[in-house]
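Before any comments, here is the structure.
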Amino acid sequence: VDWKRERFTLDEGFSRAVRQAFKKLYEDGLIYRDKYIINWCPNDLTALSDLEVEHEEEEGYLWYIKYPLVDGSGYITVATTRPETMLGDTAVAVNPSDERYKHLINKKVKLPLVDYIRKSLDGQEVGWEIPIIADERVKPEFGTGAVKVTPAHDFNDFEIGKGHNLPSVCVMDEQARMNENAGKLEGLDRYEARKLIVEELQHLGLLEKVEKHTHAVGKCYRCKTVLEPMVMTQWFVKVSDDRIKKKAYQVVQNNQIEFVPESWKKIYLQWIENLKDWCISRQIWWGHRIPVWYCQDCGHINVFTDEDFDRVYDKLIFNLLADGKIAQEFTPEEVAHILNSPSFVHPEMTVLEFYKKFAFHRYDSTEVDAHSLRLFFTQDLNPMAILTQKSSRYRYNKETKKYTFVLRCKKCSSENLKQESDVLDTWFSSALWPFGVFGWPENTKDLKSLYPTDLLVTGFDIIFFWVARMVMMGTYFMEEIPFKDVYIHALIRDEKGQKMSKTKGNVIDPLNIIEKYGADALRFTLAILTQQGRDIKLSERRFEGYKHFANKLWNAARFILLNLDDDLLSNLPYVAPPRPEDLWILTLLNETIKEVNQALQEYNYSKACQALYDFIWSEFCDWYIEMAKHRLYAKVDPSLPEEEQRRQEQEIKKERICVQSNLLYVFERTLRLLHPFMPYITEELWLSLPTAHGESVSLMEYPQHNPGEVFSEQKQKVEKLKAIITAIRALRSDLKIEPSKKIKLFYRGEKDLVNEMSHHIMLLAKVSSLEEVEEKPQGTVAGFSGDFEFYIPVSEGINVEELINSYQKRLKDVLADLEKFERKLSSEGFLKKAPPEEVQKTQEIYNELLTEKEKIQNIINILTQAR
RNA sequence: AGGCGCGUAGCUCAGUUGGGAGAGCGUCGCCCUUACAAGGCGAAGGUCGGCGGUUCGAGUCCGCCCGUGCCUACCA
């Protein structure tokens with residue numbers, strides 16, 4: 001992380017960028033203020049954007065209410081889930097093609113319970129006779145096919161109301177209590193009012209029936225209060241405008257921006273297609289205050305940014321004022337104090353320095369420093385000077401000894417301005433992040449060289465909130481995409497798959513995990529689990545295994561370092577030729593390097609981790625280190641003549657250097673490879689290596705695949721050896737021979753391999769002597785791996801039945817496989833249509849299985865006879 | 001209501017373009033073998049949700065169904 005560039009959305013420079021963006025959008029007609037129906041939280045007393053609404057299915061009722069026709073010819077029944085809003089009805093709507101109601105269109109109904117004049121939002125008087133209108137949006141099949149229209153409290157009705165010029169009657173106050181339009185119900189909570197209205201309707205015989213009904217209810221994401229749609233004056237960004245929408249769509253459509261995994265592309269595009277204007281004003285305290293000043297005299301809406309002022313000091317003071325750091329009336333001392341105090345985000349610099357660095361590049365020629373600041377306040381802000389300059393920005397109050405920063409209406413020059421009290425949706429500033437952090441609107445060096453970035457890593461839950469809006473604002477203000485790739489990582493859920501949240505209290509605290517398992521285990525666990533794309537069910541246990549992995553690595557390092565000769569590096573050219581296992585591990589290392597690099601290229605962190613885990617634990621530790629011991633622990637035979645001993649010592653030394661350097665070489669590359677996933681332990685171990693010379697592993701080149709270090713012949717040889725050793729171990733285990741007990745072993749086949757690597761078999765399978773035979777010796781039990789057959793002498797009392805069972809199970813598996821392959825190979829279609837190499841491969845496997853079958857059967861026969 | 005995703009070993013999940021079902025944890029057995037008991041070695045455990053289709057061949061592709069999770073939505 002580049003901490004030098006750390007930024008905060010509410011820091012001095014960023015706030016300035018927010019004002020600048022607001023002003024530009026406003027002047028371009030892309031921000032507007034309008035009376036519109038919005039989601040209102042009656043508890044938090046603020047508007048919410050559509051995205052902040054959480055829909056929840058709820059059991060409710062559908063009430064069927066009779067509205068009498070004014071001409072006395074009967075009534076029309078409407079169905080509603082919210083009877084309390086009927087007091088705000090201004091029409092009843094039916095579908096124009098609905099034969100049942102065609103004759104009623106344009107007639108009037110008497111709104112029940114209302115016998116008083118209501119006031120619409122724009123001040124009209126509205127009576128109790130309301131029209132029956134026709135609208136396509138009404139679905140004849142739902143309810144009665146007739147719907148009450150409440151433009152002030154329903155999104156759909158609001159649209160219908162607009163289309164038919166209906167008045168909007170709001171029946172609730174901001175806390176969702178019934179207001180004066182509710183007549184005698186005024187002051188009641190909306191749910192109490194609902195109850196009373198239903199009772200009253202029933203009493204009047206106007207309630208036709210009630211049905212149970214489940215429907216989605218919009219709730220506040222913060223407090224879960226059921227939201228009330230309200231018509232209010234709010235600020236909106238016109239994201240539906242082609243200047244924003246089109247570009248944001250195109251750049252993803254044509255893959256200038258790519259989502260990983262790709263499936264999110266479709267989801268993004270669908271959302272953009274259905275964009276509705278974005279309500280950005282919030283009636284809360286925390287946030288960027290909307291930079292709008294209403295003229296109380298002429299009504300003009302003034303948007304100010306520091307561009308409206310000429311001198312750098314004016315700009316500074318305006319920003320301090322707009323950021324709420326000083327009041328409109330202030331003293332020079334306050335300003336000086338703020339400018340000279342440490343910046344919040346970068347305490348190593350003062351606020352003034354922060355401004356210079358992140359906000360006022362353009363004015364670098366102007367010397368803004370403490371000295372000139374003092375001059376400014378003593379000269380420019382000299383009370384006398386101010387008094388003589390009519391147009392001055394400042395006014396001095398002799399009594400309070402404070403200065404006032406004067407804002408004037410751009411239209412009528414009135415000073416009677418009032419700032420908008422609403423703040424901006426937090427995502428408005430976040431949308432500016434990719435360029436705001438680099439000093440925009442100034443065309444800084446950072447902005448030029450670091451925008452756009454390569455990669456954004458984020459969670460799917462904020463694709464719309466954040467990613468989409470960064471794309472919109474980036475393409476609009478910068479005329480270029482903000483980032484190339486968007487990696488959507490998994491969302492971590494708790495053990496039961498529930499989303500973690502502070503309110504639910506099911507959060508796993510990373511600090512706690514670090515304390516218990518280590519930062520590397522935490523990081524590695526998350527990286528290896530992140531494959532699943534959409535969500536991770538995380539339980540604390542998961543960290544334990546990877547803590548063990550870190551421990552394993554640590555111990556491997558201990559082994560290597562403990563067995564390193566001090567003079568290794570100086571002896572390095574002096575080595576014995578590499579053994580097959582040296583070339584084998586190099587080959588596997590390179591395969592791992594290839595796989596990790598490729599996985600990282602594809603953002604497949606899990607695959608990279610998995611490859612590293614397997615290589616380090618299952619190959620390097622389990623096999624290579626074990627095989628290395630043979631050469632590391634070799635000792636001179638004291639029974640030899642002295643001369644011979646000296647010669648042997650030389651030989652051993654050479655072999656030691658060979659294996660040590662190879663251990664070091666492989667481990668060193670492994671550490672580099674693992675470093676991004678386990679930074680702390682790898683750095684610690686790296687620095688302890690003699691090759692490190694005190695330089696951080698993070699500065700080393702990341703390992704790249706080296707074709708010169710791939711040896712397939714040796715790889716195959718060692719893999720065969722491993723299989724042989726494993727087979728011997730398995731039979732030992734079946735024979736209940738203690739792991740530490742050394743055994744005599746007879747064998748047949750694979751003579752060359754045994755000649756070259758018998759010492760490994762002896763060491764790793766605990767064999768005391770290895771003797772080639774023509775056929776199975778008496779008193780032994782046979783086992784095999786491929787062409788290698790071996791015979792372990794058995795003492796009395798081994799459980800033959802168990803052994804037979806074990807082989808019989810193996811036989812069963814082989815027979816099942818054989819049958820499958822037989823069927824395949826006898827199928828004409830397969831032989832004719834499958835690719836020849838596939839047929840050949842199948843034939844080979846079949847032959848192997850056949851041999852295996854015979855061998856097992858043979859062993860079983862012998863065991864059965866011995867029974 | 002639409003859209004997206006997921007159902008593979010007891011649990012959590014891998015499984016690249018279709019070609020002999022895998023890992024980790026857990027379980028069981030044997031071991032304190034000079035890096036590591038936070039370990040070693042070995043083993044058991046699966047009609048890959050169900051049905052049908054395409055194909056010589058399906059965990060993998062297509063359709064339907066069941067279960068499950070999420071997102072979006074103005075069905076009053």
Side-chain angles (χ1 to χ4, degrees), chain A residues 50-51 55 62 78-82 85 93 137-139 141-144 146-150 154-160 213 215-216 229 263-264 266-267 270-271 274 460-461 463-464 491 493 495 497 499 528-529 531-539 541-542 544-563 602 604 606-607 610 613-614 618 621-622 625-626 629 633 726 729-734 736-742 763-766 806 809 817 820-821 823-824 827-835 837-839 841-842 845-846 848-849:
Chain A
D50 295 338
L51 276 178
H55 294 275
L62 197 56
V78 298
T80 180
T81 54
R82 304 198 56 203
T85 63
R137 276 165 283 220
V138 180
K139 297 201 171 75
E141 63 278 9
F142 188 90
T144 60
V147 58
K148 61 193 257 334
V149 181
T150 325
D154 184 280
F155 287 90
N156 199 33
D157 294 2
F158 181 78
E159 293 300 327
I160 294 177
H213 180 67
H215 60 135
S263 54
W264 294 108
K266 194 175 164 193
I267 291 166
Q270 269 175 6
W271 188 73
N274 299 314
F460 75 86
D461 50 340
I463 290 179
F464 305 144
L491 189 73
R493 298 175 181 280
E495 227 166 331
K499 198 168 163 175
I528 203 165
L529 290 180
Q531 163 74 15
Q532 306 146 36
R534 204 162 274 213
D535 51 3
I536 295 173
K537 280 193 232 166
L538 187 66
S539 71
R541 281 182 324 191
R542 309 282 284 169
E544 208 178 323
Y546 299 110
K547 179 193 170 190
H548 294 175
F549 177 55
N551 189 53
K552 188 78 181 173
L553 187 76
W554 183 267
N555 280 307
R558 266 189 58 195
F559 173 83
I560 294 167
L561 293 169
L562 240 46
N563 287 295
E602 297 161 2
N604 193 338
S606 173
K607 202 171 161 191
Q610 199 67 53
Y613 185 95
D614 290 344
S618 309
C621 290
D622 284 355
I625 284 184
E626 293 306 322
K629 286 175 181 173
Y633 295 163
T726 303
R729 284 167 171 173
L731 185 56
R732 285 181 57 124
S733 183
D734 273 349
K736 304 268 190 290
I737 299 171
E738 289 181 3
S740 57
K741 193 185 168 190
K742 293 206 170 180
L763 211 68
L764 301 182
K766 295 280 172 196
S806 167
K809 178 168 186 321
D817 276 352
K820 248 193 294 181
F821 280 81
R823 214 180 310 130
K824 207 166 172 181
S827 147
E828 231 174 278
F830 176 72
L831 297 173
K832 260 191 219 161
K833 293 186 182 174
E837 61 270 21
E838 187 57 38
V839 177
K841 196 182 130 200
T842 309
I845 295 169
Y846 178 73
E848 273 170 38
L849 285 169

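Below, read A as the first sequence line, B as the second, and so on, with proteins coming before strands; counting in each chain starts at 1.
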Quiz item: Counting side-chain heavy atoms from C-beta on, which of C41(B), C4(B), G19(B) comes nearest to D622(A)?
Solution: C41(B)
Quiz item: The side chain of H548(A) lies closest to which of these nucleotides: G39(B), C75(B), G19(B)?
Solution: G39(B)
Quiz item: From A76(B), G29(B), C74(B), pick the nucleotide closest to the side chain of F155(A)?
Solution: C74(B)
Practice problem: Return yes if the base of C36(B) and the side-chain atoms of K552(A) contain a donor-acceptor N/O pair under 3.5 Å, otherwise no. | Solution: yes
Practice problem: Check every strand shown and say whether K139(A) touches a base, only sugar-phosphate, or nothing at a heavy-atom separation below 4.0 Å. | Solution: base
Quiz item: Of the nucleotides G20(B), A38(B), U16(B), which has the atom closest to the K607(A) side chain?
Solution: U16(B)
Quiz item: A834(A) side chain: which of G19(B), G42(B), G20(B) is closest?
Solution: G19(B)
Practice problem: Please determine, for the side chain of S827(A), which listed nucleotide (A35(B), C56(B), G40(B)) has the closest atom? | Solution: C56(B)
Quiz item: Do side-chain atoms of N555(A) reach the backbone of N551(A) as a donor and acceptor pair under 3.5 angstrom?
Solution: yes
Quiz item: What interatomic distance, in whole Å, is found between C1' of G5(B) and the corresponding atom of A43(B)?
Solution: 37 Å
Exercise. Scan E159(A) against the nucleic acid and name what it touches under 4.0 Å (heavy atoms): base, sugar-phosphate only, or nothing.
Key: nothing
Quiz item: Does any nucleotide pair with C11(B) by Watson-Crick or G-U wobble geometry, both distances under 3.5 Å, and what is it?
Solution: G24(B)
Self-check item: Distance, C1' atom - from G26(B) to C11(B), rounded to whole angstrom
Solution: 7 Å
Exercise. Scan every strand shown for a Watson-Crick or G-U wobble partner of C61(B), both distances under 3.5 Å, and answer none if you come up empty.
Key: G53(B)
Quiz prompt | Closest to side chain of A730(A), choosing from C13(B), G42(B), C56(B) | solution = G42(B)
Exercise. Describe the nucleic acid contact of T726(A) in one word from base, sugar-phosphate, nothing, applying a heavy-atom distance below 4.0 Å.
Key: sugar-phosphate
Quiz item: Does a distance-only test, which skips hydrogens and angles, find a donor-acceptor pair under 3.5 Å between the side chain of Q270(A) and the base of A73(B)?
Solution: no
Quiz item: Which class fits the ring pair H213(A) and F142(A): parallel under 30°, tilted 30 to 60°, perpendicular over 60°?
Solution: perpendicular
Quiz prompt | Parallel, tilted or perpendicular: rings of F559(A) and Y633(A) (30°, 60°) | solution = perpendicular
Practice problem: Taking only the side-chain heavy atoms of R558(A) (C-beta and beyond), determine which of G24(B), C36(B), G19(B) contains the nearest atom. | Solution: C36(B)
Quiz prompt | Proximal nucleotide (of U12(B), C56(B), G20(B)) relative to the F830(A) side chain | solution = C56(B)
Quiz prompt | Minimum-distance nucleotide (side-chain atoms of Y633(A) versus G42(B), A35(B), G20(B)) | solution = A35(B)
